[in-house]
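Chain naming here is simple, since letters A, B, ... match the order of the sequence lines and numbering starts at 1 in each.
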Amino acid sequence: MIEINGLTKDFGSLRAVDRLSLRIQKGEIFGLLGPNGAGKTTTVRMLTMLTRPTAGEAYIAGYEVQRDLARVRHAIGVVPQHMNLDQELTARENLELHGRLYKIPRAERHQRIEELLSFVELTDRADEFVNRFSGGMKRRLMIARALLHRPQVLFLDEPTVGLDPQTRRRMWDLVRRMNREGVTVLLTTHYIEEAEALCHRVGIMDRGKLIALETPAALKEQVGSFVVEGFDGAGATYAFFNTREEAVGYAGSLNEAVTIREATLEDVFVKLTGRKVRD
Amino acid sequence: MLDFYTVFWREMLSFRRTFWKFTATRLISPFLYLVAFGWGLGRNITVNGASYLDFVVPGIIALSAMTVSFNAVGVSLNMSRLYHKTLEEYLLAPVSSFSFVLGKVLAGAVRGLVAALIILLLGFLFGARPAAGLGFFAVISLTCVLFAALGVVAAMTAPSHEDMANFSTFVILPMAFLCGTFFRAENLPRPVADLIYCLPLTHTNYALRALAAVSLHRARSDGAIPDPEDVLVRLRF
């Protein structure tokens with residue numbers, strides 16, 4: 001569904017995305033993981049034609065994003081990181097504007113708007129101005145808007161940043177439900193547990209490069225299933241082991257307070273990049 | 001092809017909602033100009049045999065058409081591009097940039113025209129009797145479209161809100177005062193007058209004034225409309 005070949009973006013002398021190549025299958029929820037400044041958002045912006053790549057090409061639903069602009073536009077839905085709803089309009093009018101921009105015929109448009117308002121549970125707030133909405137409601141409305149023209153691929157850039165835990169879990173359910181209805185999802189996140197909970201596969205980006213590409217489980221296995229976390233006076237130390245016995249043995253050899261636990265995607269990240277995912 | 005109408009529709013939706021606020025805000029400075037230059041300062045001045053009020057009202061109409069059209073498009077589009085990021089919604093949509101710009105410019109022109117009409121009405125209450133015919137409105141419309149389009153250019157190129165305000169201060173404000181709005185540019189030294197002649201609003205002012213005056217003299221000699229001085233006198237009592 002998405003095919004990226006050698007995608008590169010330079011901002012002056014800074015290489016934000018470095019020869020990225022990637023294939024995402026139809027029906028997949030794919031997570032791009034990485035710290036701030038890793039190049040995730042730039043990648044999404046290139047795939048959604050908001051930024052021109054310096055080099056490389058990308059295909060979405062079989063259409064090259066730079067050559068076949070019009071077709072790609074109908075095939076994708078985008079939920080950006082920042083709130084970009086029209087504050088002067090109500091929720092329903094925001095959807096109406098989107099529907100008109102995508103030339104959905106009137107009857108179908110109205111039906112689809114009602115359908116999506118109920119999908120994101122905003123039916124009873126539909127005629128309120130969006131500047132009175134909470135962060136989670138705005139985010140849900142943005143998802144409804146992105147789905148209105150029935151895109152095959154949905155881009156979610158940091159979909160749960162700044163949301164409280166309950167709202168976040170609701171967002172995850174929403175993503176799973178759309179995915180079950182056949183939408184391919186590419187999301188970026190720096191929340192490891194989000195990638196673990198949602199994604200079929202994750203790609204880890206660091207300094208513009210893809211440094212790992214696997215299912216979350218396979219990635220964790222790759223570094224070792226158990227972690228011994230210690231503290232050496234200056235910072236946390238991590239040691240990775242394949243079995244619990246090995247981990248316990250190592251922990252016994254240390255004189256400091258240690259924690260033995262199962263590996264998370266965060267540990268994978270630490271091992272691969274040598275640093276923690278930061279906000 | 002009709003995509004521009006969607007863009008226009010959205011603008012009109014928000015315009016309808018903020019109509020009275022918009023009207024009141026846009027009225028204040030032209031109203032003050034009318035009071036200060038038309039009623040106060042200009043009461044005893046005549047220009048080419050006509051009252052100064054008749055001279056200055058077309059100028060203030062041109063000035064309002066310019067600033068309102070420019071700001072309606074410029075400020076909101078610049079905000080939309082840099083702050084609200086709502087421009088992205090249009091960039092992602094299957095809508096050509098031509099349709100987008102056309103929709104924005106038309107919407108800006110409508111606001112400019114509404115503002116011009118209000119000034120015309122206000123001027124009428126003050127006693128000015130410009131002959132507002134078809135040509136008069138055609139010139140105003142053209143001015144509105146021109147400055148709405150300039151608003152698009154400024155909004156898309158200004159890298160910050162401050163630069164947008166600077167553009168307004170360095171380009172729009174001088175034109176508002178210099179382009180023969182309050183005085184005849186010919187009275188200035190030749191090089192200055194030539195420079196002013198290069199600016200677009202000068203020609204709006206001259207065209208409006210010529211159109212307003214031609215039929216004004218005709219109408220007044222027919223006795224069809226009262227002399228503004230009479231109205232002012234009547235207003236005083």
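Residues B:Trp9 and A:Leu97 approach most closely at CZ3-CA, 3.8 Å, considering heavy atoms. What you find for B:Thr86 and A:Asn84 is that their closest heavy atoms are CG2-O, 3.3 Å.
With a 4.5 angstrom heavy-atom cutoff, A:Leu101 touches chain B via backbone and side-chain atoms both. Looking at B:Leu91, the atoms closer than 4.5 Å to chain A (heavy atoms on both sides) sit in the backbone and in the side chain alike. For A:Arg145, the part sitting under 4.5 Å from any heavy atom of chain B is the side chain, from C-beta outward, and nothing else. Looking at A:Leu69, neither its backbone nor its side chain comes within 4.5 Å of chain B, counting heavy atoms on both sides. When heavy atoms are compared at a cutoff of 4.5 Å, A:His149 does not approach chain B at all. The part of A:Phe129 that comes within reach of chain B is its side chain, from C-beta onward, which places non-hydrogen atoms under 4.5 angstrom from that chain.
A 6.0 Å sphere centred on OH of B:Tyr83 holds no more than 12 heavy atoms belonging to other residues, nucleotides or ligands. The neighbour count for A:Arg71 CZ, taken as heavy atoms of other residues, nucleotides or ligands under 6.0 Å away, does not exceed 12. No more than 12 heavy atoms of other residues, nucleotides or ligands shown are found within 6.0 angstrom of CZ on A:Arg132. Few gaps surround CD on A:Glu114; more than 12 heavy atoms of other groups in view lie less than 6.0 Å from it. Residue A:Arg176 places its CZ atom among more than 12 non-hydrogen atoms of other residues, nucleotides or ligands, all under 6.0 Å distant. Surrounding CG of B:Leu134 are at most 12 heavy atoms belonging to other residues, nucleotides or ligands under 6.0 Å away.
Interface check for chain B: of the options A:Leu50, A:Val72, A:Thr48, the most heavy-atom pairs under 4.5 Å are formed by A:Leu50. For the options A:Gln87, A:Met49, A:His98, heavy-atom pairs under 4.5 Å to chain B are most numerous at A:His98. Of the listed residues (B:Val7, B:Thr18, B:Val95), the greatest number of heavy-atom pairs within a distance under 4.5 Å of chain A belongs to B:Val95.
Note that the OG1 atom of B:Thr6 and the NZ atom of A:Lys103 stand 7.0 Å from one another [nearest 0.5 Å]. Between the NE2 atom of B:His84 and the CG atom of A:Asn131 there is a distance of 9.5 Å, given to the nearest 0.5 Å.
Not a single donor-acceptor pair under 3.5 Å links the side chain of A:Arg100 to the backbone N or O of B:Arg10.
Side-chain contact between B:Glu89 and A:Asp86 is absent, with no heavy-atom pair separated by less than 4.5 Å. You'll find the side chain of A:His82 reaches within 4.5 Å of the side chain of B:Glu88, heavy atoms only.
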